[in-house]
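Down below is the structure, laid out as structure tokens.
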Amino acid sequence: MAEAGIVDAHIHLYPAEVAADPGAWGRTRGEPGWAAGVAPKGRRSIQGWADPDTLIADMDEAGVGACVMLGWYWERQETCDLQNGWYSEWIRRHPNRLMGFAAVQPEAGQKSIDGLERALDSGLCGVGEILPQAQGFDLDNPWWGRVVATAIRRRVPITLHATDPRAGPAAGPKTPLDAYVRLAREHPEATIILAHWGGGLAMAEPPPEGGPLPPNLYFDTAASPLLYGPGVFRRALDRVGAGRIIYGSDYPLILYPKLDRRPGFRRFLDEIAGAGLDAGERAAILGSNIRRLLPATSRA
């Protein structure tokens, strides 16, 4: 049973023309990495599709109050700008239900900063999802430093894709978990959310580089059923505490491909309800944590 005030802090969304032929759309836009991920050749994709109206209906069915649409880790800034425009429009249509983070490609130099500023001015309230390996930059890139500085100045969070180093190639490229921790330590004013349980960092013992995880580092639960069992919630709570875990589903990814043919929120929320959390822990994870991290003007 879903609880009031639920905020899903990690979804993705595309218009109908993208879902109609995602592989062709991605190749035409110069986004072969995205196309290969959502429309792999020779095997069934677990990528589902939904337009904004379908999303809102699925939210209503499961009792989800609001969702944060995350940008993709596009290879071209022009695609980032396109997606940011979609999100701004959908937020205007559903201001009490939808929020959005800005996609950005630091390799585009000044165009990336200009695009990010425009996106934040248009009502988006964060940065990400970012995946340096897919976007062809490293965390020492000076333009990435400018992105981080912009997020700090605008007081918005950054979401980074994180991959568990123990996962197979289907989970995506390996991500620099130690470098993510250093990033948070070097920029204590930044709010950094690591997707997918931080690639296991939320349960890691001992923490990377031997020290405690910096307090400005948070962890979302996106795609959890595809990566870990239900026991992950208690392990992570015991490790980092309820105040640093943020519910995200990765909708419209199909999280239970053996059971479902279309995306939805309810099955994962039912899994969380059965994970042995108390009411305070559930309230923090399912909504109050992400609301606390977002700018006051954008909280749905």
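All values derive from a computational prediction rather than experimental measurement.
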inquiry  = Tell me whether the count of non-hydrogen atoms from other residues, nucleotides or ligands lying under 6.0 Å of CZ in Arg44 goes above 12.
reply    = yes
task = Measure the shortest side-chain to side-chain distance between Asp114 and Glu117 over non-hydrogen atoms and say whether it is less than 4.5 angstrom.
result = no
message = Going by the rule salt bridge (charged side-chain N to carboxylate O under 4.0 Å, His left out), which residues pair with Asp21 if we only count those two or more places apart in sequence or in a different chain?
response = none
message = Please find the pair of heavy atoms, one from Arg244 and one from Pro215, that lie closest to each other, and give the distance.
response = NH2-CA, 4.0 Å
message = I want to check something: taking the side chain as every heavy atom from C-beta on, are Leu194 and His161 in contact at a cut-off of under 4.5 Å?
response = no
key: Contacts of Asp53 that satisfy salt bridge (charged side-chain N to carboxylate O under 4.0 Å, His left out) - sequence neighbours left out   = Arg93
ask   = When you look at Arg155 and Thr191, which way does the side chain to side chain contact (heavy atoms under 4.5 Å, CB included) test go after all the steps?
value = CA-CA 8 Å; Arg155 298 187 178 184; Thr191 298; over 6 Å; no
query = Of the non-hydrogen atoms in Ala242 and Asn289, which two are nearest, and what is the gap between them?
reply = O-ND2, 2.7 Å
key: Non-hydrogen side-chain atoms of Tyr180 and Leu139 separated by less than 4.5 Å   = yes
ask   = Looking at side-chain heavy atoms only, is the closest gap between Val7 and Leu286 below 4.5 Å?
value = no
message = Would Leu201 and Val181 count as a side chain to side chain contact (heavy atoms under 4.5 Å, CB included) here? Give the steps.
response = CA-CA 9 Å; Leu201 278 181; Val181 174; 3.8 Å; yes
remark   = Residue pairs meeting salt bridge (charged side-chain N to carboxylate O under 4.0 Å, His left out), one or both in residues 64-92, sequence neighbours left out, come to Arg76-Glu78, Glu78-Lys111, Asp81-Arg118, Glu89-Arg92
message = Donor-acceptor check, side chain of Asp8 to backbone of Ser249, threshold 3.5 angstrom: yes or no?
response = yes
message = Looking at every heavy atom in both Pro295 and Val156, which two are closest together, and how far apart are they?
response = CG-CG1, 3.7 Å
ask   = Which value, rounded to the nearest 0.5 Å, describes the distance between Trp74 atom CH2 and Asn84 atom CG?
value = 11.0 Å
query = Which distance, rounded to the nearest 0.5 Å, do you find between the OG1 of Thr175 and the CG of Leu131?
reply = 7.0 Å
key: Side-chain H-bond candidate by donor/acceptor type, Asp51 with Tyr14, under 3.5 Å   = no
key: Test item: Ser288 side-chain N/O and Ala283 main-chain N/O as donor-acceptor pair under 3.5 Å   = yes
Asp278 side-chain N/O to Glu281 backbone N/O, donor-acceptor pair under 3.5 Å = yes
task = Keeping the roles fixed (side chain from Ser112, backbone from Gly109), state whether a donor-acceptor pair exists under 3.5 Å.
result = yes
ask   = Which atom pair, heavy atoms only, marks the closest approach of Val104 to Gln135?
value = O-NE2, 2.9 Å
request  = For Gln47 and Pro252, work out which heavy atoms get closest and say how close.
outcome  = NE2-CG, 3.7 Å
key: Sidechain N-carboxylate O distance under 4.0 Å for Glu189, Arg153   = no
request  = Kindly say whether Pro32 contributes a backbone atom to a donor-acceptor pair with the side chain of Arg27 at under 3.5 angstrom?
outcome  = no
remark   = Scanning both residues in full, the closest heavy-atom pair of Thr221 with Gly248 reads OG1-O, 2.8 Å
message = Pair Val68, Ile11 - check side chain to side chain contact (heavy atoms under 4.5 Å, CB included), show working.
response = CA-CA 6 Å; Val68 180; Ile11 74 162; over 6 Å; no
inquiry  = Distance alone, cut at 3.5 Å: any donor-acceptor contact between the side chains of His10 and Glu129?
reply    = yes
message = To the nearest 0.5 Å, what is the distance between CD1 on Ile245 and CG on Asp220?
response = 11.0 Å
ask   = What distance do Leu217 atom CG and Leu183 atom CG have between them, rounded to the nearest 0.5 Å?
value = 9.0 Å
message = Quick check against the 3.5 Å criterion: does Gln77 have a side-chain atom that pairs as donor or acceptor with the backbone of Gln110?
response = no
query = Is a side-chain donor or acceptor of Asn216 paired with a backbone partner of His187 at a separation under 3.5 angstrom?
reply = yes
ask   = Are the ring centres of Phe219 and Trp197 closer than 6.0 Å?
value = no
key: Derivation and outcome, salt bridge (charged side-chain N to carboxylate O under 4.0 Å, His left out), residues Arg154 and Asp121   = CA-CA 10 Å; Arg154 302 291 294 254; Asp121 288 343; 2.8 Å; yes
key: ring-ring contact (aromatic ring centres under 6.0 Å, His included): pairs with one or both residues in residues 265-295, sequence neighbours excluded   = Tyr247-Phe268, Tyr251-Phe265
ask   = How long is the span from the CG atom in Leu227 to the CG atom in Asp164, to the nearest 0.5 Å?
value = 7.5 Å
query = Taking the side chain from Arg292 and the backbone from Ala284, do they hold a donor-acceptor pair closer than 3.5 Å?
reply = no
task = State, yes or no, whether a side-chain contact exists between Ile285 and Ile272 at a heavy-atom distance under 4.5 Å.
result = no
key: Residue list, side-chain hydrogen bond (donor to acceptor under 3.5 Å, both in side chains) with Trp72, at least two apart or on another chain   = none
request  = Look at the aromatic rings of Trp25 and Trp34 and report parallel, tilted or perpendicular, splitting at 30° and 60°.
outcome  = perpendicular
task = Would you sort out whether Gln105 and Tyr73 count as a side chain to side chain contact (heavy atoms under 4.5 Å, CB included), showing the intermediate values?
result = CA-CA 7 Å; Gln105 165 54 297; Tyr73 24 92; over 6 Å; no
query = Does the side chain of Phe137 come within less than 4.5 Å of Val147's, by heavy atoms?
reply = no
request  = Could you list the residues that satisfy side-chain hydrogen bond (donor to acceptor under 3.5 Å, both in side chains) with Arg262, not counting sequence neighbours?
outcome  = Asp58
message = With heavy-atom distances below 4.5 Å as the criterion, would you say the side chains of Leu269 and Val64 are in contact?
response = yes
query = Under the 3.5 angstrom rule, does the side chain of Ser45 hit a backbone N or O of Pro40 as a donor-acceptor pair?
reply = no
message = Any heavy-atom pair between the side chains of Ile254 and Arg261 that's under 4.5 Å?
response = no
Nearest-0.5 Å distance that lies between atom CG in Leu13 and atom CG in Leu55 = 5.5 Å
